[in-house]
Structures are given as C-alpha cells and as structure tokens.
Engineer: 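Before I ask anything, let me first share the structure, which is written out below as structure tokens.
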Amino acid sequence: MNEHEDRLSKRESFEQEQNELIKRRLEELEELKKLGVNPYAYSFDVDSYSSDILASFKDDAPPSDASVAGRIVSLRRMGKASFCHIRDSKGKMQIYLKRDDIGSAYDQFKLMDIGDIVGVKGTVFRTKTGEVSIHAKSLELLSKSVRPLPVVKEKVDEQGNKTVYDPFSDKELRYRQRYVDLVVNPDVREVFVKRAKVVSSVRKFLDEKGYLEVETPALQPIYGGAAARPFTTHHNALDFDFYLRISDELYLKRLIVGGFEGVYEIGKDFRNEGMDKSHNPEFTMLELYVPYKDYNWMMELVERLIHFVALAVTGGAKVKVGKNEIDFTPPWKRITMLDSIREVTGEELAGKSEGDLSAIAKKHHVEVDLSMGAGKIIDAIFSELVEPKLIQPTFITDYPVEMSPLAKRHRSKPGLVERFELMCNGHELANAFSELNDPLDQRSRFEDQARLKARGDEEAMVVDEDFLRALEYGMPPTAGLGVGIDRLTMVLTDRDSIRDVIFFPQMKPEK
RNA sequence: GGGGCUGUAGCUCAGUGGUAGAGCAUCUGCCUUUUAAGCAGAGGGUCGUAGGUUCGAUCCCUACCAGCCUCACCA
C-alpha cells in the first residue's frame, strides 16, 4: 500500500467513526428525506443580499419583500417561533420564523442546524428590539450540513465595540480548513476581497497603459531570473527534470526581444527555501518589462502604480500598518544603497575590498561567510541594519554589480548597476532595473555567477544559453520591474503574516 | 536546522501521579419579536502518537507527529 492509499484509507475509517454530533445530523438528514425534502436542492432564486437590505431599510417606507439565501450561523428557538442569523456573501442578517406563517416548513426547520444553508422569502421588518430582519413566509433547505461548525458569538455594545466569544482562533485549523475560517471569521473574507482588488487594479493600470498581459512557462529546463533555490520535477514522457520557475524574468525579456511594446505577467513563482512570516514557497509576482525605458522612468511608474492600487483597495493614499501610517502619495524618497548604509551606520563602503567589507560586517554583528562575494556582504549589511528601518516607501538605488547579474551597469558609477528596490514597512515590495541588454556582458556576468556557485553559493544563477542567444539577436534598452503581490497585499490589509493573505498557505501534510 | 512555547469534548480553555472539568455547541422538556435568548435536566473524551518510569500516567521521562514564536537560511 503506498502512502497515498494509506492516507485514503485513514480518511475512510475516520468517516466511519463519526462522533455523536455528526451521527445526530445524519439522522436529521434522514428525517428530512422522509418528510419529502431534498436536503441538497438544485437552485434558489436570490434577489437580495443581507447588507443591502440592512442599508436600504426605512421604517416609514411600505414593507418590502426579499428572497435571500445563506448559511445559518446562529439559532434561537423559542417553541413555536425562532430567530436565526444567516450569513450570505455580503454579510449577515436575522430571520424571524413563526410556525403560524410557514406551516410545515417549521417542522423541517426543527431538523435544521447551525451550518445548514437555507433560502428564505419574506418581508423585511424591524423587531421590537430594533434589528432589521426578514419575517419569513417560506423557508427552504438548500444544503444540509452534517459536520458541526464552530459557533462564534459576538456582542456589540452601545459604542459599537464588538466582543467575540468562543472565537475560531486556532491558526492551524484556520489555515488547514480555510473554508471554515471564511465562514466564521468575516474579516478574513475582506482581506481576500482586497487581495483580488490589488490584482485587478494592477491589471487595470497596466492594461490602460497598453501593456500586454502574457503567460510564460512555469516548468522550465533552466531556472533563472532570481537568486534562489528551485523545486525540481520530472517529466515522464521526455524523461527530463524540469524546474518550477523562480521568476518569469528571462522569458519576459525574450518577448521584448520579440518586439512587444511592454509585457507583464502576474503569476506564481516557486522557491525552495524556508518558510516564515514573509515567505511562502509559492507566491505571486508581478513582472513588467517596457522597452526604450530605464530605471528612472520605472521609479515614477511604480509610484503611480502603487498609489493607484492603494486608492483602489483602501480608498486612500495613507494606510495604517501596525503602529505606522504609510503614505503612498508620490514622490517617494530616493537614496542610493551605499548612502543609506552611510546614513544609518556611518560606514563608507564605496571602493572597499571583500576583506574590508567582511570586517565592517563583523564590526556591526552581521554574519558573513566565505562563500559570499562583495555584493552579498553589502546586501547582508543592508538587509540587517537598514532595511528594517525603512517604513515609508523608499527607493534604494544603485546596487553593486556582483549582486545584480541581470541589471545594466550604471551609466556613471563604476561597479554599480542601475537598479532600485522599493522598501516599505521594513520589507522589499518591488525590485527593478535598467535591463542588461549587452549579450557579451551578460555572458560574463553569468560566468561570474558560475564561479560563485562553485564556491558554494547555492542561489547563484546558472548560465542560460538560449537567453544569451536571444540577447545576441538584440534587445532594446528596457526597464524591468518585479512586485511581490502577497507582500503588497500584506501592507494594504495590515497583516503581518503572508499566511493571512494566501488562502491555503503551505503546511506540512496532515497525518 | 537550533532554541522556546503549545497540543485535553464540535469550538475556546481550566486541571490533577489514583483513567477528567467549565462556558458555548449538542440532546430532552417549557417558551409565537429573541439576540452572547432564558429556565430545568441529559449525553458527549484513546487528555496529539508511540515507548519508558511507576502498584497505577492525561500529568513525570524519551522519541516522534503537528502548530506557533524566534534565530539561522532566505527576498
């Protein structure tokens, strides 16, 4: 028996030994069938949604009818009348059910539970205690829930402060059973609605500029475009090992060689590295390449893009993130990497040898090892000492050439490249450069990477001969950009863990 | 990978070297405008898994599994 079959059989035996609560619900299911009810209906005509009904209700207007559907999330039975709340896609609202009004459906209702999905038609009214509700004329079971849902209760006081009782808060359960999390924790839904707005507003912005949205391979014979270790997989028919992409960069630049006036891709990248609050093995990246532009132009585009997205998602340019308020109103601070290090540490790194850099790093308690080249040491100093202090959006510019093998050499500063990273809330949000389009220089940069790899740098890039061939045909001067969509969403939704902006974050398999 | 914390009822959590408790949920009864509904009663557990110490383990020890935090690694 292989592992997969083993897991299946465990699953089956789990289903067989259902607990009391599930047994009880299965009995109710049978009772309902005996009453002639199909517990899994085919459709229901919905014409209204909870929050719309609540928002538009007027006490002096003539009573109106509504047809709503949703999941029962609370239940108060009082003999021959009952109240329940149902949650639909827009919120939740109360339903009032009276036996005299709905007749035999009330007997069916007695067999329903929290978690069941129902359709209700009735009249909108305000109860004695002031809650706008639907007085049901009919009730229809749409889907019987046989597994008990956590019951989360909340109390709202006069000031509108919400107290939640028995929250569904176990992080493991919330991530593994996100469907339950979404049902009982409404703010989770809002985060993901905002995430969708991040993506759609990015698309809108770029489409309006006339850039072409494209798709490039996720299965690649050679990985590239970033410094990271890849996942490996195997194609049976070709009997060949492929890599899951760590970036889209090299393929998108091939399309610029092909003559497109700007291409972008929003897609998943995969990196075989550790997981923590800001890293998930698969994550979503926006990459954009525009010919005849450089990184200075790209800085302005990024300012406008993210400002546009912030407005679309949050309604304003100022966003509360943790204890900080981040203001995305352009223009943003621009400072070179070496200047920013000098500002924070007082150290001048320009022109220093690898040995000097290593000594400076140690002086500031930044760990370095022998596999690191000068570029990596500077990056380590920056990441450790400067990056966490950059809260407001800031462009860090002009990186050492050794750590940017795909970026063009700086037009006036030897040893540096025309590259910027956008830092925000202590993290990198975007990375961009004037793309290297000199095929000879690109080849020698790849060779430098190969040497780093030989020294033990597992993330060093590998030579991509086909990409070099494309550059040899000629690529126009091009500005390129990468934006981490997950991290942008984290900032715009004030979440401090990437797991809270990914529906199904990577977890060890359940056993 | 290192360190710390956690795992007990469907959910959230107490607790003890003598095989277990609360609130909510569930079930029974009463209740036709309630809302953390209420009142009265009842059921529900391989105390993460496997070993060990012990007369006896949910508790002590070891390993393992899973999660969270943190460091390392890493965008």
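Chain letters run A, B, ... following the sequence lines, proteins first and then strands; every chain starts at 1. Nothing here was measured: the structure is a model prediction, and the numbers come from that model.
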Engineer: For rU35(B), does the base pair up with any side-chain atom of Glu131(A) as donor and acceptor (N or O, under 3.5 Å, distance only)?
Structural biologist: yes
Engineer: Considering only atom P, compute the distance from rA9(B) to rG48(B) and round it to an integer number of Å.
Structural biologist: 8 Å
Engineer: Before you tell me yes or no, could you show the steps for Leu139(A) and Ile95(A) under side-chain contact (heavy atoms from CB on, under 4.5 Å), namely the whole-Å CA-CA distance, both residues' side-chain angles and the distance that decides it to 0.1 Å?
Structural biologist: CA-CA 10 Å; Leu139(A) 168 78; Ile95(A) 309 294; 5.9 Å; no
Engineer: Does a nitrogen or oxygen in the side chain of Lys171(A) sit under 4.0 Å from OP1 or OP2 of rU6(B)?
Structural biologist: no
Engineer: Keeping the roles fixed (side chain from Glu303(A), backbone from Trp332(A)), state whether a donor-acceptor pair exists under 3.5 Å.
Structural biologist: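 Checked: pair present.
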Engineer: Given rA66(B), is OP1 or OP2 found less than 4.0 Å from the side-chain N or O atoms of Lys508(A)?
Structural biologist: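 Yes, because at least one side-chain N or O of Lys508(A) sits under 4.0 Å from OP1 or OP2 of rA66(B).
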Engineer: With under 30° as parallel and over 60° as perpendicular, where do the rings of Tyr399(A) and Phe382(A) fit, or are they tilted in between?
Structural biologist: perpendicular
Engineer: Taking OP1 and OP2 of rU26(B), is either one under 4.0 Å from a side-chain nitrogen or oxygen of Lys23(A)?
Structural biologist: no
Engineer: Whether Lys153(A) engages the ring of Tyr165(A) as a cation-pi pair (distance to the six-membered ring centre under 6.0 angstrom, angle to the ring normal within 45°) should be assessed.
Structural biologist: no
Engineer: Using only modelled atom types and a 3.5 angstrom limit, is any donor from either the side chain of Thr129(A) or the base of rU35(B) paired with an acceptor on the other?
Structural biologist: yes
Engineer: Tell me if the side-chain of Asp166(A) makes a donor-acceptor pair with the base of rG23(B), cut-off 3.5 Å, by modelled atom types.
Structural biologist: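 Yes.
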Engineer: Which part of the nucleic acid, if any, lies within contact of Ala226(A), taking any heavy atom under 4.0 Å across all strands shown: a base, the sugar-phosphate backbone alone, or nothing?
Structural biologist: nothing
Engineer: If the cut-off is 4.0 Å, is Arg499(A) near the phosphate of rC68(B), judged by side-chain N/O to OP1 or OP2?
Structural biologist: yes
